[in-house]
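Counting convention: from 1, in listed order, for ligands and their atoms alike.
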Amino acid sequence: MLNRRNFLTAAVGVAVAGGLAACAKEDDSSSGSSDSGSGGGGGKKITLGFAQVGSESGWRTANTKSVKEAAKEAGYTLKFSDAQQKQENQISAIRSYIAQKVDVIAFSPVVVTGWDAVLKEAKTAKIPVILTDRSIKTSDDSLYVSFIGSDFIDEGRRAGKMLETVLQKAGHKGPVKIAQLEGTTGAAPALERAKGFKEIMDAEHKDDWKIVVSQTGDFTRAGGKQVMAAFLQSDPDINVLYAHNDDMALGAIQSIEAAGKKPGKDILIISVDGVKDGFVAMSEGKINGIVECNPLLGPQLMDLVKKAADGETVERRIKTKEGDFLQEEAKEALPTRKY
Ligand code: GZL
């Protein structure tokens, strides 16, 4: 049984650039959050602008719930937008938060590139920006004050190590033909989960593992179902599915069963996230192992928001705590799963 791995909060204190310290601004147009006070500079109520990716998966639903509940608990005014997985919508939302002069902006970048221009506008407006969940590629590190989220490359490595255990338990002998369901094209979790898994393949399984098909399912169930059906058409003797999230794995399971195969037996499945439906599928023997990716970032994010709004030092990189789960653990873990 795999040991649960907890990642310590890795913190590197970095002073918030003086110029980024936002001065608190009153904003009575609160979007439904309670109003009990704590705030940036001088104790005024903090207004947070949060530009969410979308509502594509169970993980995202849990992440949104965590952010909204934590903002309410903290007494902040939360302005929240759902970009429906479109970068242009996230950029528009960030621009509107700048225009509304919020105290802090936080967002989960749908893809890693294309953010410099709008983040420069936030910097000019002296509004600190916090990345949550996903990171960006930029040459200007001053464009955001902190990134709180998982280490996706390590999640990919953990998926590779987990597959070793699952193959051994299944008594698999000989070559391993792997299908990979990738997350959203250009998104950090998709790029990095693929990278980490490939590191393990290249280092330890050059001769026996091969990714025979790989395509994006855009982190959705519908995408996973559709792409897996196509995979099975082109490669009926796939041994393993590595899905970058549970929702795509759950969609793929429908196509695997429609093809008359047994998920978790004829095709071994390794997934990432650890949402409740993923654990249910694992307890039914349809998923063999899940690398957890914790969506419950709300409380830690609100602590960061307060510090940033007050111009205090904030940790530059905060990694979330998460574990690895095999089928045998699913039933026991299910009752205590928080998302
Ligand atoms: C990972 C997160 C990913 C999840 C998917 O932190 O960005 O996006 O793994 C979600 O379920 O759609």
Side-chain angles (χ1 to χ4, degrees), residues 7 50-67 82-87 89-90 106-113 115 130-137 146-159 162 180-197 216-225 227 241-253 269-282 287 289-298 300-301 317-325 337-339:
F7 286 82
F50 190 93
Q52 181 60 290
V53 166
S55 48
E56 73 283 356
S57 64
W59 190 99
R60 190 65 54 198
T61 303
N63 179 247
T64 290
K65 184 167 179 279
S66 176
V67 168
D82 171 337
Q84 287 143 12
Q85 296 221 86
K86 292 183 176 56
Q87 180 172 30
N89 291 349
Q90 279 194 300
F107 75 114
S108 169
V110 61
V111 293
V112 293
T113 54
W115 302 101
I130 297 170
L131 304 183
T132 81
D133 166 28
R134 298 182 185 178
S135 57
I136 64 172
K137 278 195 172 38
S146 184
F147 164 42
I148 173 171
S150 302
D151 179 338
F152 301 130
I153 296 178
D154 199 62
E155 287 177 350
R157 294 190 194 106
R158 287 155 53 198
M162 185 181 275
Q180 179 173 232
L181 275 171
E182 302 166 20
T184 303
T185 303
L191 296 167
E192 296 173 8
R193 284 170 184 164
K195 181 174 181 340
F197 187 84
T216 181
D218 209 17
F219 281 132
T220 65
R221 290 195 191 199
K225 180 179 179 181
V227 174
L241 168 63
Y242 169 40
H244 289 180
N245 83 328
D246 293 344
D247 284 75
M248 293 191 293
L250 293 164
I253 283 168
I269 300 180
I270 302 291
S271 183
V272 187
D273 274 353
V275 296
K276 196 154 281 183
D277 288 350
F279 269 76
V280 168
M282 207 156 49
I287 292 180
I290 295 181
V291 170
E292 186 184 40
C293 176
N294 189 341
L296 308 180
L297 306 176
Q300 280 182 292
L301 172 60
R317 175 73 176 97
I318 295 180
K319 286 185 187 175
T320 39
K321 291 185 172 58
E322 48 202 34
D324 298 339
F325 297 85
R337 296 299 298 167
K338 295 199 183 79
Y339 62 93

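For atom 11 (O) of ligand 1, the closest non-hydrogen atom on the protein side is D273 OD2, 2.6 Å. Closest protein heavy atom to atom 3 (C) of ligand 1: R134 NH2, 3.7 Å. Protein heavy atom in closest approach to atom 2 (C) of ligand 1: D133 OD1, 3.3 Å.
Between F219 and W59, the gap from one ring centroid to the other reaches at least 6.0 Å.
Applying the 6.0 Å contact sphere to NZ of K276 captures more than 12 heavy atoms from other residues, nucleotides or ligands.
Side-chain contact, N294 with T320: no donor N or O sits under 3.5 Å from an acceptor N or O.
Proximity of R193 to ligand 1 is established by a heavy-atom distance of less than 4.0 Å. Taking 4.0 Å as the cut-off, C293 counts as a neighbour of ligand 1 on heavy-atom distance. Ligand 1 has P189 within reach: a non-hydrogen atom of the residue lies less than 4.0 Å from it.
Remark: I148 CD1 to L301 CG distance equals 6.0 Å, nearest 0.5 Å.
Atoms of ligand 1 found under 4.0 Å from any heavy atom of F152, numbered from 1 in the order shown, are 1 (C), 6 (O). Contact atoms of ligand 1 toward S57: 5 (C), 10 (C), 11 (O), 12 (O) (distance under 4.0 Å to a heavy atom of the residue). Numbered from 1 in the order shown, with element, the atoms of ligand 1 that lie under 4.0 Å from a heavy atom of E56 read 8 (O), 10 (C), 12 (O).
When non-hydrogen atoms are compared, ligand 1 lies under 4.0 Å from neither the backbone nor the side chain of E192.
A side chain to side chain contact (heavy atoms under 4.5 Å, CB included) with S271 holds for exactly one of D246, V291, L250; it is D246. Screening Q180, E155, E192 against H244 for a side chain to side chain donor-acceptor pair (under 3.5 Å) leaves a single residue, Q180.
Using cut-offs of 30° and 60° for the angle between ring planes, the F197 and Y242 rings count as parallel.
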